[in-house]
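All residue numbers refer to positions in the sequence shown, counting from 1.
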Amino acid sequence: MEISEIKQILENALELDEVIVKSDGSHYEVIAVGTMFDGMNRVKKQQAIYGPLMGHIAANDIHALSIKTFTPDEWARDKKLMSLS
């Protein structure tokens with residue numbers, strides 16, 4: 001499955017400010033940023049991302065998925081900490 005496909009699915013299904021998808025073979029990493037994560041616990045955040053992708057996970061199009069979610073404020077702070085800004 002293409003990175004662009006995963007990004008498009010998440011952008012269409014969820015109200016996100018930013019989606020970054022990386023791939024290392026069959027392993028995918030999703031970084032999702034949106035105000036929708038404000039007040040959600042970690043499990044709910046993971047479920048929000050898994051939801052739109054479940055069909056592709058079940059079909060084995062996506063073999064492994066790691067998810068990082070941030071509110072816009074958390075993302076701005078983490079980018080500074082990681083010197084990505």
CA sep, side-chain torsions, deciding dist, call: Ile49, Leu14, side chain to side chain contact (heavy atoms under 4.5 Å, CB included): CA-CA 8 Å; Ile49 299 299; Leu14 304 170; 3.8 Å; yes
Interatomic spacing from CE in Met54 to CD1 in Ile9 - rounded to 0.5 Å: 13.0 Å
message: Quick check on the hydrophobic clustering: are Ile31 and Tyr50 connected, directly or via other members, by side-chain heavy-atom contacts under 4.5 Å?
response: no
message: Could you measure the distance from the CG atom of Leu16 to the OG1 atom of Thr35? Nearest 0.5 Å is fine.
response: 9.0 Å
query: Looking only at heavy atoms, which two atoms of Met40 and Lys45 are closest? And how far apart?
result: O-CE, 3.2 Å
message: If I take atom CD1 from residue Ile67 and atom CD from residue Gln47, how far apart are they, to the nearest 0.5 angstrom?
response: 10.0 Å
message: Taking atom CG as the centre, does Asn12 end up with more than 12 heavy-atom neighbours from other residues, nucleotides or ligands that are less than 6.0 angstrom away?
response: yes
- request: Check each of Met1, Lys22, Glu11, His56 against Ile6 using the side-chain contact (heavy atoms from CB on, under 4.5 Å) test, and report the only one that passes.
  value: Met1
query: Got Phe37 and Glu74 here, is their nearest side-chain heavy-atom distance under 4.5 Å?
result: no
message: Could you measure the distance from the CD atom of Gln46 to the CG atom of Leu65? Nearest 0.5 Å is fine.
response: 8.0 Å
task: Starting at CD1 of Ile3, measure out to CD of Glu29 and round the result to the nearest 0.5 Å.
output: 10.5 Å
message: Using side chain to side chain contact (heavy atoms under 4.5 Å, CB included), reason through Ile20 and Trp75 one step at a time and then give a plain yes or no.
response: CA-CA 12 Å; Ile20 300 166; Trp75 181 237; 3.8 Å; yes
query: Linking I/L/V/M/F/W/Y whenever any side-chain heavy atoms sit under 4.5 Å apart, do Leu53 and Tyr28 land together?
result: yes
- prompt: Got more than 12 heavy atoms from elsewhere within 6.0 Å of CG, Asn41?
  reply: yes
